Every structure is written in structure tokens, then in C-alpha cells.
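Excluded from the calculations below are hydrogen atoms, water molecules and symmetry mates; all remaining heavy atoms, backbone and side chain alike, are included. Keep in mind that this is a model prediction, so the values were computed, not measured.
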Amino acid sequence: MRELSIFVDESGDFGLNDMHSPYYIVTMVFHNQDVDLSDVISQLDRRLENLDYKEYAVHTEPLIRREYPYQHFTPNERRAIFTKLYYFAVKSDITYKTFVFYKSDYNNIFKMEARIARDISQFIRNNLEFFQDFENVILYYDNGQHELNRILNTVLATELATYNVRKVIPSEYRLFQVADLICTLELLKLKIAAGKNLTRSEELIFHSKRDLKKDFFKGISRKEFWGK
């Protein structure tokens with residue numbers, strides 16, 4: 001049976017008045033389970049062990065901000081951890097689609113939820129041939145936000161003949177961690193496009209806007225799903 005895994009993560013929340021979080025970002029990472037990723041996963045595990053990183057999951061935003069469990073790592077060590085996960089994403093046979101929503105466009109949560117559902121539904125409809133090539137679709141999400149969980153299940157139930165759901169424990173799925181990484185890179189891209197400066201914590205990891213574009217944005221963009 002041909003199976004498609006969809007790993008979903010988000011950045012931001014549904015608080016429309018939160019000035020510190022002007023965007024809501026949803027990233028979907030697609031993996032055809034016929035493609036074996038065990039070798040690249042093993043390589044990533046070994047490289048993280050060589051960096052003395054004991055935690056199994058990589059959470060990119062706490063890593064950048066030097067929050068637990070990264071508070072004892074130097075900037076170079078944290079950049080190395082980020083980079084190892086990034087190169088795993090680039091080397092893996094996956095694709096991704098990111099949806100960005102500007103919270104200032106909506107005067108209530110229900111309108112934003114409707115727009116998120118409409119955009120994801122339209123994406124699936126526009127690429128139905130791709131999705132119908134699989135006999136089963138499995139949604140992996142950690143149920144972190146019940147609004148997004150409801151939207152995802154409603155959309156997939158409407159657009160696909162069959163799908164299954166598995167609640168993610170982040171430490172068990174490297175591709176869920178990749179979805180997290182892509183959300184973080186997309187947030188940084190939006191920040192740069194808006195003319196904002198990197199924070200001190202971001203500069204310690206990425207050095208400059210130019211380096212961020214060259215070292216990370218360019219490579220990850222090659223994994224983007226180029227459907228309609």
C-alpha cells in the first residue's frame with residue numbers, strides 16, 4: 001500500500017491582538033513512505049551525538065533563544081545542532097508546503113480559521129492527482145493547538161477519500177522536527193522581508209541576514225512543493 005505521511009507544525013497562535021506574533025504559519029512536510037530515510041536519520045542521530053546533544057528532539061526556536069535544554073550550549077554548538085537538522089532536511093527525499101497568514105487581515109478568529117481551511121483545501125484540490133496517487137494518507141500532528149487540529153481533520157475528511165491520524169511525540173519523528181525548522185526559517189524570512197533586524201540571539205546563530213539567505217533560505221527552498 002502506497003502511503004503518504006504529512007507532518008504538520010505551526011508557528012504563532014490564534015491571538016489576533018498579540019503584537020509579538022503578527023503571523024500564523026503552517027508547514028506541511030510530505031514523505032512518500034516507499035522512500036526509506038533510515039540511513040539519513042541514522043546519520044543525523046550520530047552527528048547530534050557527536051555534538052554531545054543528549055536530547056533526541058531538536059526544537060529550533062528554543063535553540064535560537066538559548067532556552068532549555070540549550071542553555072549550556074555555546075552559539076557555535078547551537079548553530080551546529082541547527083545546521084545538522086537543516087542538512088538532514090535538505091538531503092531527505094521530502095517536499096513541503098508552507099502557508100502564511102497575516103493576523104492583521106482578520107478582525108476575528110473565525111475568519112482566520114476559515115481562511116486557513118480554505119487555503120489548505122484549495123492546495124489539496126489543485127494537487128489532487130498527487131494525493132490520489134496514495135492509497136492512504138497519514139496526518140502527523142502533536143495536537144498543540146486545538147483550532148489547527150480541528151481545521152486539519154475537517155479539511156482532510158472533506159478532500160480525501162481516506163486518511164488516518166497519529167498524534168506526534170516530537171522526539172520520535174525527525175520529519176516533525178523538520179516542519180518545526182521550516183516554520184522557523186519562514187518566520188525569519190518574513191522578518192527580513194519586513195525590514196526588521198535580527199535579534200542578538202539570531203545573529204549569534206546565523207551571523208547576518210546575508211548569511212541566513214545564503215546558508216539556509218536558498219537550500220531549503222529547493223524542497224518546496226512546486227504544485228499549484
* When you look at K213 and I192, which way does the side-chain contact (heavy atoms from CB on, under 4.5 Å) test go after all the steps? -> CA-CA 10 Å; K213 293 176 184 178; I192 291 173; 3.8 Å; yes
Margin query: In the structure I gave you, are the side-chain heavy atoms of N136 and E3 within less than 4.5 Å of one another anywhere?
Written below: yes
Note to self: With a 4.5 Å cut-off on side-chain heavy atoms, are V168 and N143 touching?
What the structure shows: no
F7 meets the ring pair (Phe, Tyr, Trp, His ring centres under 6.0 Å) criterion, sequence neighbours left out, with Y140, Y173
- Any donor-acceptor pair under 3.5 Å from K218 side chain to L212 backbone: no
Output for pair (D180 CG, R174 CZ), nearest 0.5 Å, gives 12.0 Å
*asked:* Please evaluate residues T74 and E77 with respect to the criterion side-chain contact (heavy atoms from CB on, under 4.5 Å), reporting the C-alpha separation (whole Å), side-chain torsions for both, the decisive distance (0.1 Å), and the verdict.
replied: CA-CA 5 Å; T74 68; E77 289 169 339; 3.2 Å; yes
Heavy atoms, side chains only, cut-off 4.5 Å: are I6 and F131 in contact? yes
Rounded to the nearest 0.5 angstrom, the CD-CG distance for Q177 and L44 is 7.5 Å
Test R78 against I64 for side-chain contact (heavy atoms from CB on, under 4.5 Å), laying out the working first.
CA-CA 7 Å; R78 285 183 286 125; I64 292 168; 5.6 Å; no
When rounded to the nearest 0.5 Å, the distance separating CD1 of I124 from OG1 of T158 is 9.0 Å
Correct closest heavy-atom pair for A179 and D9 would be CB-CB, 3.8 Å
Sorted by chain and number, sequence neighbours left out, ring pair (Phe, Tyr, Trp, His ring centres under 6.0 Å) with F217 holds for none
Query - L128, CG: over 12 other non-hydrogen atoms inside 6.0 angstrom - result: yes
When rounded to the nearest 0.5 Å, the distance separating CD1 of I205 from CG of L198 is 11.5 Å
Q: Without swapping roles, check the side chain of E172 against the backbone of I169 for a donor-acceptor pair under 3.5 Å.
A: no
| request: State, with a plain yes or no, whether a side-chain heavy atom of R115 is found less than 4.5 Å away from one of M112. | output: no
- Going by atom types only, do N32 and D93 share a side-chain donor-acceptor pair under 3.5 Å? no
Next on the checklist: Assess, by modelled atom type and distance only, whether the side chains of D36 and S38 contain a donor and an acceptor separated by less than 3.5 Å.
Outcome noted: yes
CD1 (I151) and NE2 (H146) are apart, to the nearest 0.5 Å, by 9.5 Å
query = Are V8 and V137 joined in one hydrophobic group, where the rule is that I, L, V, M, F, W and Y side chains link up if heavy atoms are under 4.5 Å apart?
reply = yes
*asked:* Can a side-chain donor-acceptor contact be found between N149 and Q145 if the only test is distance below 3.5 angstrom?
replied: no
On a heavy-atom basis, the closest approach of I220 and L185 is CG2-CD1, 4.1 Å
Q) Would K111 and D105 pass as an ion pair if we require N to O under 4.0 Å? A) no
field: Within 45° cone and under 6.0 Å: R2 NZ/CZ vs F134 ring
entry: yes
To the nearest 0.5 Å, atom OG1 of T154 lies from atom CD1 of I116 at 12.0 Å
Is there side-chain contact between I120 and M28, with at least one heavy-atom pair below 4.5 Å? yes
Shared hydrophobic cluster for L148 and F110 (ILVMFWY, side-chain gaps under 4.5 Å):
no
Fill in: Backbone N/O of S21 and side chain of K103: donor-acceptor pair under 3.5 Å
yes
Residues passing the ring pair (Phe, Tyr, Trp, His ring centres under 6.0 Å) test with F216, sequence neighbours excluded, are F82, Y86, F206
inquiry  = What I want to check is whether the side chains of Q33 and S5 have a donor and an acceptor closer together than 3.5 Å.
reply    = yes
In terms of heavy-atom contacts, V155 and A117 come closest through CG2-O, 3.7 Å
Nearest heavy-atom contact between H59 and P170 is CE1-CB, 3.8 Å
So side-chain hydrogen bond (donor to acceptor under 3.5 Å, both in side chains) across residues 62-73, not counting sequence neighbours, yields Y53-Y70, E61-R65, R65-E67
Besides Y102, the hydrophobic cluster formed by Ile, Leu, Val, Met, Phe, Trp and Tyr side chains linked at under 4.5 Å, directly or via other members, contains Y23, I25, V100, L187, L190
When every non-hydrogen atom of I81 is compared with those of L51, the smallest separation belongs to N-CD1, 3.9 Å
Are E159 and R125 close enough for a salt bridge, meaning some N to O gap below 4.0 Å?
-> yes
| Quick one: does D211's side chain have a donor or acceptor within less than 3.5 Å of a partner on H207's backbone? | no
- Shared hydrophobic cluster, V165 / V29 (ILVMFWY, side-chain heavy atoms < 4.5 Å): no
Next on the checklist: Could you check whether F99 and Y24 have their ring centres less than 6.0 Å apart?
Outcome noted: no
Are the charged groups of D215 and R79 less than 4.0 angstrom apart, N to O? yes
Nearest heavy-atom approach of K191 to N197 is CE-O, 3.2 Å
Residues at least two apart in sequence or cross-chain that pass ring pair (Phe, Tyr, Trp, His ring centres under 6.0 Å) with Y87, listed by chain then number, are none
Working note: I182 + T98, criterion side-chain contact (heavy atoms from CB on, under 4.5 Å); need CA distance, chi angles, decisive distance, verdict.
CA-CA 8 Å; I182 294 171; T98 295; 3.6 Å; yes
